[in-house]
Protein chains: 2
Amino acid sequence: MPENRDSNQILSTKEKIMNASMKLFSELGYKNASVRKIAVAVGIRESALYNHFKNKEDIFLCVASEIFNSPFNNDDSPALTSTQLSNPKSYLQKFVTEYKLVTFDKTQESLFRILMIELLQNKALREGFLNEFHNKNIKVLSGIFFTLMQNGVVRSSDPILMAHEFIAPLFYLRLHVTLLRIDNLSTSNLSSQFEKHVDFFWESIKV
Amino acid sequence: MPENRDSNQILSTKEKIMNASMKLFSELGYKNASVRKIAVAVGIRESALYNHFKNKEDIFLCVASEIFNSPFNNDDSPALTSTQLSNPKSYLQKFVTEYKLVTFDKTQESLFRILMIELLQNKALREGFLNEFHNKNIKVLSGIFFTLMQNGVVRSSDPILMAHEFIAPLFYLRLHVTLLRIDNLSTSNLSSQFEKHVDFFWESIKV
DNA sequence: AGAATATATTAACACTTGTTCATATATAAT
DNA sequence: ATTATATATGAACAAGTGTTAATATATTCT
């Protein structure tokens with residue numbers, strides 16, 4: 001069963017299809033990324049694709065399943081330790097640094113493009129967006145803000161609202177960066193905005 | 001020349017095409033909204049469309065041209081008068097009320113969907129988004145924040161950054177609302193968030 | 001009224017789409 | 001070496017795409 005690649009370097013055909021599909025879906029969207037274009041990019045005939053995937057939708061779902069598997073999303077927002085409680089701003093900075101990293105990562109950028117392109121057309125992606133992107137972040141952040149409020153290190157407010165106010169500018173920045181990069185425009189102005197956001201936000205909530 | 005409608009009530013075929021196209025583009029995107037589907041929605045054969053528009057792209061451009069003609073975008077953010085300077089929070093509230101109105105307006109929602117669906121595929125829409133949606137708002141708001149800072153009614157900071165922090169949660173909310181509405185989910189929770197945002201933001205910047 | 005114009009229809013076109021089938025060629029197992 | 005399995009090819013399919021041409025039917029103008 002030669003399912004996986006033989007060596008570490010040489011990619012299996014299935015992996016090649018995945019990579020080519022990710023690229024094409026992120027550039028053209030689902031409908032415009034035709035089976036033939038994918039096959040050409042891989043270097044095989046379109047009929048050969050069907051030895052590895054059931055159909056086109058199967059390819060897409062396989063690629064799309066990676067969207068919400070970001071390392072950031074999984075588990076890089078640990079609970080607030082006592083040391084972090086003594087310096088909560090650095091926690092927010094750490095969060096934003098991670099967010100920024102994901103924003104500028106090439107693979108994550110492709111997946112984000114696919115997400116944004118198909119977000120309004122694909123119900124599963126919408127649900128993933130709301131659950132994995134939004135709700136999960138809101139839950140983690142609001143929990144932290146709640147603790148910080150209880151300990152009196154940030155001003156009293158609705159923790160969920162505060163989480164919203166913290167995450168929204170980050171998402172907006174990420175979308176902005178993504179749009180500029182499509183046209184190969186400079187994002188250097190935006191790059192520093194991530195850190196500025198933390199500074200501004202911390203000034204907004206500290207007691 | 002029977003170009004315009006005869007009465008005020010009866011729509012011309014061209015207007016019917018526009019309405020049907022706006023609906024279909026906003027639900028299916030450019031590629032999936034086929035000329036035949038549009039024709040069926042209007043109630044004519046597809047070839048008759050070509051008496052009113054050069055081709056499919058012409059229809060789309062005609063619809064898309066309305067996206068950045070929102071009443072909000074045009075001219076509803078007047079300069080800061082002396083009375084508004086004495087109560088700057090109410091100005092922000094007025095701004096957000098207008099933004100909220102646009103968010104929940106049916107026509108504006110359809111146009112916003114088209115924008116979001118084609119944003120990553122259509123360069124003209126990207127430029128429109130950055131110039132008309134983003135930059136224009138940032139310019140107006142940062143000018144206001146600058147004045148408010150000079151008069152010492154809000155805390156000192158970068159006005160552009162502050163404008164960014166103000167507008168981003170509004171956009172994020174609008175996107176959120178749009179996504180929920182596609183699936184006919186309740187947006188009552190989000191509705192009140194617009195006002196909460198102003199309250200939180202004002203607490204963040206007042207001296 | 002008839003002529004001119006605007007708008008509709010029917011039919012066809014060249015092309016692209018996703019998918020399937022029979023068949024050929026590698027690769028692995030016995 | 002022979003068999004079995006995995007993967008490739010080429011051809012074809014039915015369906016859908018945007019667009020055009022010839023023609024018919026309204027509508028408006030004189």
Side-chain angles (χ1 to χ4, degrees), chain A residues 1-64 114 117-118 121-122 124, chain B residues 1-64 114 117-118 121-122 124:
Chain A
M1 46 183 75
E3 177 59 29
N4 297 331
R5 79 212 65 74
D6 311 320
S7 141
N8 253 341
Q9 280 297 347
I10 296 162
L11 296 174
S12 74
T13 305
K14 185 158 188 172
E15 286 170 318
K16 279 199 244 173
I17 295 171
M18 292 277 288
N19 289 341
S21 300
M22 189 167 85
K23 185 164 157 29
L24 286 168
F25 283 138
S26 70
E27 289 169 355
L28 308 173
Y30 180 76
K31 193 74 187 288
N32 282 299
S34 73
V35 171
R36 275 163 182 86
K37 285 177 191 161
I38 294 171
V40 167
V42 174
I44 56 177
R45 297 294 99 82
E46 59 268 24
S47 54
L49 293 174
Y50 292 83
N51 288 320
H52 305 276
F53 295 91
K54 196 177 132 231
N55 50 27
K56 187 187 177 183
E57 202 194 353
D58 191 26
I59 301 177
F60 180 77
L61 290 177
C62 204
V63 173
I114 295 174
I117 291 176
E118 299 299 325
Q121 315 261 8
N122 188 310
Chain B
M1 45 183 74
E3 177 60 26
N4 297 331
R5 78 212 68 73
D6 311 322
S7 142
N8 253 341
Q9 280 297 347
I10 296 162
L11 296 174
S12 74
T13 305
K14 185 156 188 172
E15 286 170 318
K16 280 199 243 173
I17 295 170
M18 292 277 289
N19 289 342
S21 300
M22 188 166 85
K23 184 164 157 32
L24 285 168
F25 283 138
S26 71
E27 288 169 356
L28 308 172
Y30 181 77
K31 192 76 187 288
N32 281 300
S34 72
V35 173
R36 275 165 183 81
K37 285 176 191 161
I38 294 171
V40 167
V42 174
I44 55 177
R45 297 296 99 79
E46 58 269 24
S47 53
L49 293 175
Y50 291 84
N51 288 318
H52 305 276
F53 294 92
K54 198 176 130 228
N55 52 28
K56 186 186 178 184
E57 202 196 350
D58 191 26
I59 301 177
F60 180 77
L61 291 178
C62 204
V63 173
I114 295 175
I117 291 175
E118 298 300 324
Q121 314 260 9
N122 188 310

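Quick note on labels: first sequence line is chain A, next is B, and so on, each numbered from 1.
When every heavy atom of A:M18 is checked against every heavy atom of A:C62, the shortest pair comes out as SD-SG, 3.5 Å. The shortest heavy-atom contact between A:K31 and B:K31 is CG-CG, 3.6 Å.
For the pair A:E15 CD and D:dT7 P, the computed distance is 13 Å after rounding to whole Å. Between B:K14 atom NZ and C:dA8 atom P there is a gap of 12 Å when expressed in whole angstrom units. A:L49 has its CG atom 14 Å from the P atom of D:dG10, to the nearest Å. The distance between atom NZ of A:K16 and atom C1' of D:dA8, rounded to the nearest whole Å, is 12 Å. Atom-to-atom, CZ of A:F53 to P of D:dA8 comes out at 12 Å; the value is rounded to the nearest Å. We find that CD of B:E46 is positioned 13 Å from P of D:dT20, with the value rounded to whole Å.
Ring orientation note: the planes of A:F60 and A:Y30 are nearly perpendicular, at an angle over 60° on the 30°/60° scale.
B:F25 has its side chain out of reach of B:I117: every pair of non-hydrogen atoms, C-beta onward, lies at least 4.5 Å apart.
Taking CG from B:L11 and CD1 from B:I17, the interatomic distance works out to 11.5 Å, rounded to the nearest 0.5 Å. Atom-to-atom distance recorded for B:L61:CG and B:K56:NZ is 12.0 Å, nearest 0.5 angstrom. With values rounded to the nearest 0.5 angstrom, B:I38 atom CD1 is found 15.0 Å from B:K16 atom NZ.
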Legend entry - Worked verdict on B:K37 versus B:L28 for side chain to side chain contact (heavy atoms under 4.5 Å, CB included): CA-CA 10 Å; B:K37 285 176 191 161; B:L28 308 172; 4.0 Å; yes
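Taken residue by residue, residues 18-25 of chain B places no heavy atom nearer than 4.0 Å to DNA chain D.
The neighbour count for A:K23 NZ, taken as heavy atoms of other residues, nucleotides or ligands under 6.0 Å away, does not exceed 12.
Contact annotation: B:R45 side-chain N/O to C:dT10 OP1/OP2 distance is under 4.0 Å. OP1 or OP2 of C:dA6 has not a single side-chain nitrogen or oxygen of B:H52 nearer than 4.0 Å. In this model, the phosphate group of C:dA8 is approached by a side-chain N or O of B:T13 to a distance below 4.0 Å at OP1 or OP2.
Residue A:I44 is the one, among B:Y50 and A:I44, whose nearest nucleotide of DNA chain D lies closer to the 5' end (criterion: closest heavy atom).
For A:N51 and D:dA6, a side-chain-to-base donor-acceptor distance below 3.5 Å is absent, hydrogens and geometry of angles not being considered.
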Check the interface with nucleotides 13-17 of chain D: list each N/O to N/O pair with the protein under 3.5 Å, or write none.
{"from": "D:dT17", "atom 1": "OP1", "to": "B:S34", "atom 2": "OG", "distance (Å)": "3.2"}

